[in-house]
Amino acid sequence: MTTPRVFIVRHGETEWSLSGKHTGSTDIPLTANGEKRVTVTGKALVGEDRLIAPTRLAHIYVSPRKRAQRTFELLNLGIQDPLPWKEWGVKPETSGFDCAARVEITEDIREWDYGDYEGITSAEIRDLRQSQGLSRDWDIWRDGCPGGESPEDVTQRLDRLIGNIRKNWHQHVIGKPKGETHPGDILIVAHGHILRAFAQRWIGKAVREGPALIMEAGGVGTLR
């Protein structure tokens with residue numbers, strides 16, 4: 001019986017991901033190495049006989065940030081319709097795939113809003129907190145970010161997105177005979193913290209519990 005999937009893809013390497021700086025609203029590009037690695041990932045994982053089959057995709061969600069959008073471009077899925085943004089770099093060679101899924105930009109899958117901690121590392125956050133008379137024992141999954149989002153804020157928007165996926169794309173596909181064609185797979189291209197939180201909510205666990213999933217830049221995960 002058909003079991004649709006959700007593929008989660010973290011954007012490729014940036015200068016800030018390399019240095020460990022928290023990158024939420026700051027819109028920075030992929031590094032040359034980041035682009036190269038995402039291109040290789042696309043060639044390895046995208047194809048009708050591979051993990052991500054373009055004709056099996058029902059819908060695609062992409063973050064508003066250009067690092068996520070460029071990552072999506074480099075996966076080279078063979079999207080037929082124009083993308084909902086002006087392409088950020090050299091267009092990959094035609095893949096030969098034919099993907100009819102619509103690409104949607106959504107704020108629900110943008111990165112966690114780091115607020116006062118935007119652009120600094122975890123070590124710098126602990127030092128800052130100490131200078132403010134706060135505990136150095138900071139955990140984003142438990143404490144959130146001052147001036148930014150709490151775990152409850154993140155949960156609210158992720159639950160909205162998950163509800164949308166299950167109602168509009170998965171509900172009518174689950175359990176159908178495998179021999180029939182029922183595109184139901186979903187692709188999400190976004191960011192490290194928000195995708196790990198998404199996985200937590202997908203399996204019904206609280207964001208505050210902290211994730212078991214680790215996603216490196218350019219990493220791909222599968223949820224059922």
Side-chain angles (χ1 to χ4, degrees), residues 1-12 38 41-65 68-85 92 94-111 154-205 207 211-215 218-224:
M1 304 299 279
T2 300
T3 305
R5 301 164 295 178
V6 176
F7 301 111
I8 54 176
V9 181
R10 183 183 174 188
H11 66 75
V38 170
T41 295
K43 290 178 178 178
L45 298 184
V46 175
E48 292 307 311
D49 59 347
R50 301 186 181 178
L51 179 67
I52 303 173
T55 58
R56 298 286 298 172
L57 291 172
H59 201 71
I60 297 164
Y61 297 95
V62 182
S63 161
R65 304 292 172 251
Q69 294 172 2
R70 182 57 177 161
T71 296
F72 173 77
E73 293 171 13
L74 294 169
L75 290 176
N76 205 9
L77 290 162
I79 295 293
Q80 299 304 305
D81 294 334
L83 296 176
W85 62 81
T94 302
S95 65
F97 303 135
D98 185 6
C99 184
R102 187 169 75 88
V103 180
E104 177 183 350
I105 299 172
T106 176
E107 290 283 340
D108 284 346
I109 204 63
R110 61 176 166 76
E111 182 58 298
V154 167
T155 297
Q156 184 177 34
R157 61 182 169 98
L158 290 178
D159 284 358
R160 180 170 55 236
L161 178 59
I162 289 170
N164 181 285
I165 291 170
R166 289 177 170 161
K167 177 182 177 181
N168 295 323
W169 309 109
H170 280 183
Q171 183 174 271
H172 66 287
V173 175
I174 292 174
K176 298 291 184 181
K178 282 191 175 181
E180 300 179 17
T181 301
H182 298 284
D185 289 346
I186 300 296
L187 178 70
I188 299 175
V189 185
H191 313 268
H193 271 123
I194 203 65
L195 288 175
R196 293 167 72 193
F198 178 92
Q200 282 290 101
R201 296 306 300 145
W202 185 264
I203 62 174
K205 291 195 173 184
V207 171
L213 175 68
I214 295 175
M215 291 197 78
V220 179
T222 306
L223 301 167
R224 291 186 183 270

Across all chains, not counting sequence neighbours, the side chain to side chain contact (heavy atoms under 4.5 Å, CB included) partners of Gln171 are none
Margin query: Any heavy-atom pair between the side chains of Leu51 and Arg5 that's under 4.5 Å?
Written below: yes
Sorted by chain and number, sequence neighbours left out, side chain to side chain contact (heavy atoms under 4.5 Å, CB included) with Lys43 holds for Thr39
*asked:* Do Glu104 and His59 have side chains that approach each other closer than 4.5 Å (heavy atoms only, starting at C-beta)?
replied: yes
When you check the side-chain N and O atoms of Glu48 and Thr55, is any donor under 3.5 Å from an acceptor?
yes
Q.
Below 30° counts as parallel, above 60° as perpendicular, anything between as tilted: where do the rings of His191 and His11 land?
A. perpendicular
Residues 69-80 vs salt bridge (Lys or Arg N to Asp or Glu O under 4.0 Å), sequence neighbours excluded, gives Glu35-Arg70, Arg70-Glu73
Taken to the nearest 0.5 Å, the spacing of Lys167 NZ from Ile162 CD1 works out to 15.5 Å
Checking Ile105, Leu187, Asp185 against Ile60 for side chain to side chain contact (heavy atoms under 4.5 Å, CB included), the one that qualifies is Leu187
For Ile203, look at atom CD1 and say whether over 12 heavy atoms of other residues, nucleotides or ligands are found less than 6.0 Å away. yes
Flag side-chain contact, heavy atom, 4.5 Å: Asn76 against Val46
no
pair Gln80-Asp98: side-chain heavy atoms closer than 4.5 Å | yes
* Side chains of Met215 and Ile8: does their closest heavy-atom pair fall under 4.5 Å? -> yes
To the nearest 0.5 Å, atom CG of Leu213 lies from atom CG of Leu223 at 8.0 Å
Quick one: does Arg201's side chain have a donor or acceptor within less than 3.5 Å of a partner on Leu158's backbone? no
field: Ile194 vs Glu111 side-chain heavy atoms within contact, under 4.5 Å
entry: yes
Polar side chain donor-acceptor pair, Asp108 to Tyr61, under 3.5 angstrom = no
One should read off an interatomic distance between His170 NE2 and Thr3 OG1, to the nearest 0.5 angstrom, of 10.0 Å
Exercise. Are any non-hydrogen side-chain atoms of Pro183 and Leu57 less than 4.5 angstrom apart?
Worked result: no
Test side chain to side chain contact (heavy atoms under 4.5 Å, CB included), reference Thr71, set Val62, Val38, Thr41, output is Val38
